[in-house]
Amino acid sequence: MEVQLELALPSGSGKGSDPNQDCDQRKKRSFEEAFMGVKKKEVDDLHETLPLLIWDGNEEKKQQFDGELLEQKHIPKLAISNNRNAEMEDNFVVVGWPPVKSWRRQFCHQISHRECTTNYVNVENNGGGGGGGRGSNSMYVKVKMEGVGITRKLNLSVHRSYHSLTAKLIAMFGICEENVEKYKLTYQDKEGHWLLARDVPWETFIHSVQRLKLQKMATTFYS
Amino acid sequence: MAYSFPEEVLEHVFSFLSSDKDRNAVSLVCKSWYEIERWCRRRIFVGNCYAVSPGEAAFRGFQPRAGGLGRLRVPVDRGDVGAYPLLEEIKLKRMVVTDECLELISKSFKNFKVLVLSSCEGFTTDGLASIAANCRHLRELDLRESEVEDLSGHWLSHFPDNCTSLVSLNMSCLGSEVSFSALERLVARSPNLRTLRLNRAVPLEKLANLIRRAPQLVELGTGAYSAEIRSDILLNLTEAFSACKQLKGLSGFWDVVPAYLPAMYSVCSGITSLNLSYATIQSFDLVKLVTQCRNLQRLWVLDYIEDSGLEALASSCKDLQELRVFPSDPFGAEPNVSLTEQGLVSVSEGCPKLQSVLYFCRQMSNAALISIAKNRPKMVRFRLCIIEPRAPDYLTLEPLDAGFGAIVENCKELRRLSLSGLLTDRVFKYIGTHAKKLEMLSIAFAGDSDLGLHHVLSGCESLRKLEIRDCPFGDKALLANAAKLETMRSLWMSSCSVSYGACKLLGQKMPTLNVEVIDERGPPDSRPDSCPVERLYVYRMVAGRRVDMPGFVWTMDDEDSGLRFS
């Protein structure tokens, strides 16, 4: 018995997208169809539960929806692609990949920062050189760009100026030159307020930033 | 008084206890009550917190504290504890433990001996101070990989002068400096001390004095292994090490200054376990040390060792059973060291006893995997992490199906496998066909369709734990193999294509499974049934559904509402 399944993923499967609009419910599958109507045998006889869905056994045939899934599925929370654009981030991170434990990740950041000769922002460290303790030298914050469904993550600790951060954001979101002017960088501080990044000195910014957002400027806005 | 009742009578009595609190209390009374209660309980309150910190646990999945394993639930109710003095040992993994709880433990269990907190969090060094101060017979305090809020190193000074029972102390995850004299005195009065893992803050100059007081040590974790180069320090350290005739395991080695490594040479021939995964030294220095350890069975090392170092390892350490190579720069775009698939191939060729591998690298080929498979048919654990997701065979640009296929086909004893690189449904067909002893499988960014998952679930007879992220696996395979889930310990799927509707169905129709949807976008029923869930966690219910879930976890119930959340 062949089971038709039509599933569609939201077109922007990251946080921030509106799932209600994006989910496409084309053919609602009747789960009851899957049950063959076989009566449950006596408890003594029954040694295995019946599958909730009967595999159609036709393994080689790819159903239509598989293709759709394939096309849409390649986007996890943070998009990755094998054909890397040279402009794209070298700082790009898929959350939780590679699967190294958190203290090792912190340790790796310490190594790479030591190899860097310039100063880096030292996020609060609980004394003693932080041998795997709570002191962290990485500062991943979420970055959202207005109009883009997928939220990204960015390591702020490798940046030391707005200039460097802006350049990274432009590369990360692939913003073309003429559009750069149309966005302003805002950030959410520890109190939850959204502020304009460039209004404060870098030091202040880096110590209070919790997340970032690239917001489209209203056309009547005067900069 | 417990012994005067036949077990069946007790069992009958216990069966009337419906509250978790009472149940847990009963199970803590004594071993026989614990056993009896365990047989007849249906609900176990599992008081753990599924903290979600994106990126940390995402791939590893969560571990429920399945009841009936002698693990204390947290938090501990105040009333019960005092009456049950027999508890001696608490071992927790990935749980939230508070200072209050630690204090309660330390004051309530007079015979308390062993505390192991593995990857736990939620407590501070104040909690440790309570344990140190109050547990008169403490034998083991092991904080492996826990996240402790480090307020100060003063906690260690709370061990009373008459505490002489310590056998094992692992404080390597802590940041703060402890009072060195307190540490020295503690070590000196602990004749049974076998394992001592220091934290980074313990300076090298002081290490000699410490180990001089504990020549019976079997496992030592150093602090930072660096000091300005002085011959007196080196001499002191060399002498101290040479007195440690029982030393088998070494770890620590933060900030290594290579000039001090020779201090350890006298013990190298006895060393079976060496953890150099924090030693940021070059291949040349690593090799000099490692090749001294002719009886080495386990090596954890950074990829600084490079292919050449691994080749040297393969020539010298013929007893090697386990190799773990960690990345020094996992997030860099370009390789920073010359470590490739060749290193692993060399070790597989040269080390006849190799059975456990964890290897992070940036390129792999089918040819290399086939070679490894043929060299080491007795492989038991094979975890390969190619850093770039979906990286193909770098020589042929093909998927790595054939390579991993060779692994499962040749290595018939394989119990644990982690895949990476470019993989199609074909690799899962191989796995389902051959990996009959496989118990744990980790999959990421792999497969083409539900067929992949179906192969695994229908073919891997011994499968207990399956964790999947970012794969195009959906409802079909999951629902067709729902019964399989009852034979497994757990299934974790994140960023796949499993719809909310399917989760509900699974929860409704499989009453012995806990089906949990973890979604930070808000309640899943605010979205259509066809919408895929962010994360799905399915595990066999030992007894009862969880009631303590945080706000972004929903249980798929057997009630019609299909949804119950805290």
Side-chain angles (χ1 to χ4, degrees), chain A residues 3 5 7-10 13 15 19-20 23-25 28-29 31 34 48-55 59 62 66 69-70 73-74 76-77 80 82 90-105 107-108 111-112 125-135 140 153 155, chain B residues 54-56 58-60 145 147-150 153 172-177 199-201 223-224 254 278 280 326-333 360 385 387 389-390 444 448-451 454 469-470 472 474-476 479-483 486 495 497 499 505-506 509 520-521 527-528 530-532:
Chain A
V3 179
L5 241 187
L7 290 176
L9 291 175
S13 62
K15 299 178 186 178
N20 283 319
C23 276
D24 182 16
Q25 254 187 310
K28 184 143 182 151
R29 176 169 60 101
F31 290 118
E48 40 181 75
T49 34
L50 296 165
L52 295 176
L53 209 66
I54 308 296
W55 191 262
E59 295 172 15
K62 279 205 160 188
D66 279 342
L69 270 181
L70 195 62
K73 188 58 208 87
H74 72 283
K77 289 252 168 50
I80 38 172
N82 277 330
D90 46 358
N91 210 9
F92 172 72
V93 158
V94 178
V95 173
W97 189 266
V100 289
K101 298 200 172 161
S102 59
W103 74 88
R104 182 163 291 285
R105 231 180 298 138
F107 175 71
C108 293
I111 303 176
S112 62
N125 213 334
N126 278 327
R134 285 270 296 220
Y140 279 98
K153 264 200 169 189
N155 182 7
Chain B
E56 268 193 49
F59 188 65
R60 304 291 302 155
E145 301 166 12
E147 273 198 44
V148 186
E149 194 176 331
D150 207 326
S172 55
C173 62
L174 298 178
S176 288
E177 198 172 333
N199 64 346
R200 197 172 185 171
W254 289 282
Y278 294 105
T280 52
F326 294 97
S328 54
D329 186 19
F331 305 109
F360 283 81
C385 179
I387 287 176
R390 301 204 188 93
D448 308 310
S449 72
D450 268 334
L451 203 52
H454 176 68
R469 67 165 288 176
D470 294 284
D475 300 349
K476 232 178 121 200
L479 296 173
N481 293 284
E486 280 183 318
S495 302
S497 311
S499 73
L505 184 70
L506 201 59
K509 302 298 181 188
E520 295 194 50
R521 295 173 292 182
R527 294 179 289 279
S530 59
C531 208

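Residue numbers begin at 1 in each chain, while the letters A, B, ... track the order of the sequences. Computed from a prediction, not measured in an experiment: that's the story for all the values here.
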Checklist entry - Does the side chain of Phe331(B) come within less than 4.5 Å of Pro98(A)'s, by heavy atoms? => result yes
Next on the checklist: For a 4.5 angstrom cut-off between non-hydrogen side-chain atoms, does Asp329(B) reach Cys108(A)?
Outcome noted: no
Item to check | Interface moiety of Phe360(B) toward chain A, non-hydrogen atoms closer than 4.5 Å | outcome: side chain
Next on the checklist: Has Trp97(A) got a side-chain atom pairing as donor or acceptor with Ile387(B)'s backbone, closer than 3.5 angstrom?
Outcome noted: yes
Item to check | Shortest non-hydrogen contact between Phe107(A) and Trp254(B), atoms and distance | outcome: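 Looks like CE1-CD1, 4.0 Å.
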